[in-house]
Amino acid sequence: MHASHEFAFWACLIVGLYPYVGYPVCVVLLRAIRPRPVRSGLVTPSVTVVISAYNEAAHIEATVRNKLDQDYPQGLLDVMVVSDGSTDGTDQVLTRLALQDARITFFRQEPRAGKTAALNQLLERARGEIVVFADANSMYRSDTVRQLVTPFADPHVGYASGRMLYVDPEGSLVGDGCTAYMRYENALRALESAVGSVVGVDGGVDAIRRSLYRPMRPEQLPDFVLPLAVVEQGYRVVYVPEAVLEEETLTSESAEYRMRVRVALRALWALWDKRTVFNPLRFPLFSWQLASHKALRYLSFLPLAAAAVMNWLLVTRGWIYGVLAVGQCCTALLALLAVGGPPRLRRFFLARYCYYFLLLNWASAVALVRFLRGQKQVLWQPRTG
């Protein structure tokens, strides 16, 4: 009986850690064995930057001007913005900007229907060969658009995603954790891009061939569904670290938690909607990537929680179980100190990382429960730092 318990414990621990450790190691090995470089080039296709805004009067002018001021041929870049039922003066700001610059197109979506519905309307009107998706409060470096379109010189590339850098001037609890998490994600995306396609992108700095865009239902997550639709059509999704977006992190634990639950819930629905991509006969490499990076990642809290419980049942079976039990206690203690400990301990980087790891997994658990109940989310408040 004890042997079977030990086997179950190690199986759960390995499965739970595989998306975070085992999968990246496998991709590193695959890159060494069978690399697939992207044939990037200095190309300048026509580009339309699309932005969906809801009550962004404080940020939208700076965001639009940031895109118009890109180091890119002026005649080949335009900006389209949809105000999704805004009530704070966003429309007035956009109307004034559109009168000042013919490269700006603005219209209103009424009643409010969410970002995805807004993007469907924007793409119907977009003129550029390449469509760049930007958030209403995102700031690009001057060469971001130019860098983002370089992989489209490769005819096999249908979608490109840049690098999001989270700026956290306050050194907040969730800010530090989020920044570390994105460093990890970006490193993994670079590895995935070197062997095939990236699984998951940053919605504020990504681009698609307009011909490959497929309309989505309002509750679908564009950052996830669109790349999967591109892969379904036989094209690659690649990572462009030189295309940089800088955005302030969330500094509120509750705001970060709500955002993580929303993203996880919509990602689970996207995985369900695009379940054909899990077919290993049609997508031998990408189906494994998708299962490893996303499906198992969102579900890893289940085997990890089971392993945590079984660890205590096996604590007398050997020193390794005792060490792991102590590790559990230390992780929980560090997370608690990060939330309510003395300021010096709250700033301890390991405490913040433990807290953020637990927050991610708790958010995934809540999202799974809502997914199983059939709940969907279309509308939400804008992300603010």
Side-chain angles (χ1 to χ4, degrees), residues 1-27 173-174 177-178 180-181 184-185 188 199-200 224 253 256-272 275 277-278 280 287-339 350-375:
M1 182 65 71
H2 286 300
S4 63
H5 286 170
E6 290 187 61
F7 175 82
F9 165 78
W10 288 108
C12 287
L13 186 63
I14 291 170
V15 171
L17 293 179
Y18 165 75
Y20 297 98
V21 182
Y23 170 63
V25 170
C26 290
V27 179
L173 171 60
V174 296
C178 184
Y181 178 71
Y184 166 81
E185 276 292 301
L188 183 53
V199 182
F224 203 178
E253 288 87 349
E256 181 74 14
Y257 165 73
R258 289 194 301 272
M259 186 272 288
R260 287 297 169 190
V261 171
R262 168 174 58 81
V263 169
L265 176 60
R266 301 186 91 201
L268 289 172
W269 280 112
L271 290 171
W272 174 254
R275 54 191 180 277
V277 187
F278 284 106
S287 61
W288 164 69
Q289 289 183 275
L290 186 60
S292 300
H293 191 161
K294 289 301 181 182
L296 291 178
R297 173 83 67 83
Y298 284 121
L299 299 176
S300 64
F301 72 89
L302 292 170
L304 287 176
V309 172
M310 286 186 284
N311 186 185
W312 291 99
L313 299 177
L314 296 167
V315 75
T316 60
R317 295 287 297 171
W319 65 268
I320 185 65
Y321 299 107
V323 170
L324 291 172
V326 171
Q328 280 193 59
C329 294
C330 290
T331 300
L333 179 61
L334 285 170
L336 289 172
L337 288 173
V339 177
L350 196 56
R352 295 172 182 237
Y353 295 169
C354 288
Y355 171 83
Y356 199 75
F357 179 77
L358 294 177
L359 181 145
L360 286 175
N361 280 278
W362 179 251
S364 295
V366 172
L368 179 62
V369 171
R370 294 182 181 179
F371 171 76
L372 295 175
R373 289 177 176 173
Q375 296 179 19

Residue list, side-chain hydrogen bond (donor to acceptor under 3.5 Å, both in side chains) with Ser287, at least two apart or on another chain
none
Pairing residues for Gln375 by the side-chain hydrogen bond (donor to acceptor under 3.5 Å, both in side chains) criterion, not counting sequence neighbours
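Gln375 satisfies side-chain hydrogen bond (donor to acceptor under 3.5 Å, both in side chains) with no other residue.
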Roughly how far, to the nearest 0.5 Å, is the [atom2] atom of [Y] from the [atom1] atom of [X]?
X	Y	atom1	atom2	value
Tyr356	Asn361	OH	CG	11.5 Å
Leu314	Ile320	CG	CD1	12.0 Å
Tyr298	His293	OH	NE2	8.0 Å
Tyr353	Leu358	OH	CG	15.0 Å

Under the ring pair (Phe, Tyr, Trp, His ring centres under 6.0 Å) test, residues paired with Phe357 that sit two or more places apart:
Tyr20
Tell me every residue that passes ring pair (Phe, Tyr, Trp, His ring centres under 6.0 Å) with Phe371, counting only those two or more places apart in sequence or in another chain.
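Counting only residues at least two positions away or on another chain, Phe371 forms a ring pair (Phe, Tyr, Trp, His ring centres under 6.0 Å) with Trp269.
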For Arg262 and Arg258, what are the C-alpha separation, side-chain angles and deciding distance, and is it a side chain to side chain contact (heavy atoms under 4.5 Å, CB included)?
CA-CA 6 Å; Arg262 168 174 58 81; Arg258 289 194 301 272; over 6 Å; no
So do Cys26 and Trp288 actually touch side chain to side chain, heavy atoms under 4.5 Å?
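Heavy-atom side-chain distance check passes, below 4.5 Å.
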Indicate yes or no: at least one non-hydrogen side-chain atom of Trp362 is less than 4.5 angstrom from one of Leu359.
no
Taking all non-hydrogen atoms of both residues into account, name the closest pair between [X] and [Y] and its distance.
X	Y	value
Pro19	Ser292	CB-O, 3.4 Å
Ala367	Ala264	CB-CB, 3.6 Å
Cys12	Ala306	SG-CB, 4.0 Å
Ala363	Arg260	CB-CB, 3.7 Å
Arg275	Trp272	NH1-O, 2.6 Å
Val315	Gly322	CG2-CA, 3.9 Å

Arg370: what forms a salt bridge (charged side-chain N to carboxylate O under 4.0 Å, His left out) with it, not counting sequence neighbours?
none
Could you walk me through whether Leu368 and Leu302 pass the side chain to side chain contact (heavy atoms under 4.5 Å, CB included) check?
CA-CA 10 Å; Leu368 179 62; Leu302 292 170; 4.2 Å; yes
For residues 327-339, which side-chain N or O atoms pair as donor and acceptor with protein atoms under 3.5 Å away, sequence neighbours left out?
from	atom 1	to	atom 2	distance (Å)
Gln328	OE1	Trp312	NE1	3.4
Gln328	NE2	Ala308	O	3.2
Gln328	NE2	Asn311	OD1	3.0
Thr331	OG1	Gly327	O	2.9

Please evaluate residues Leu188 and Tyr23 with respect to the criterion side chain to side chain contact (heavy atoms under 4.5 Å, CB included), reporting the C-alpha separation (whole Å), side-chain torsions for both, the decisive distance (0.1 Å), and the verdict.
CA-CA 9 Å; Leu188 183 53; Tyr23 170 63; 3.9 Å; yes
Let's go through Leu271 and Phe224 carefully: what are the C-alpha distance in whole Å and the side-chain angles of both, what is the deciding distance for side chain to side chain contact (heavy atoms under 4.5 Å, CB included) to 0.1 Å, and is it a yes or a no?
CA-CA 9 Å; Leu271 290 171; Phe224 203 178; 3.6 Å; yes
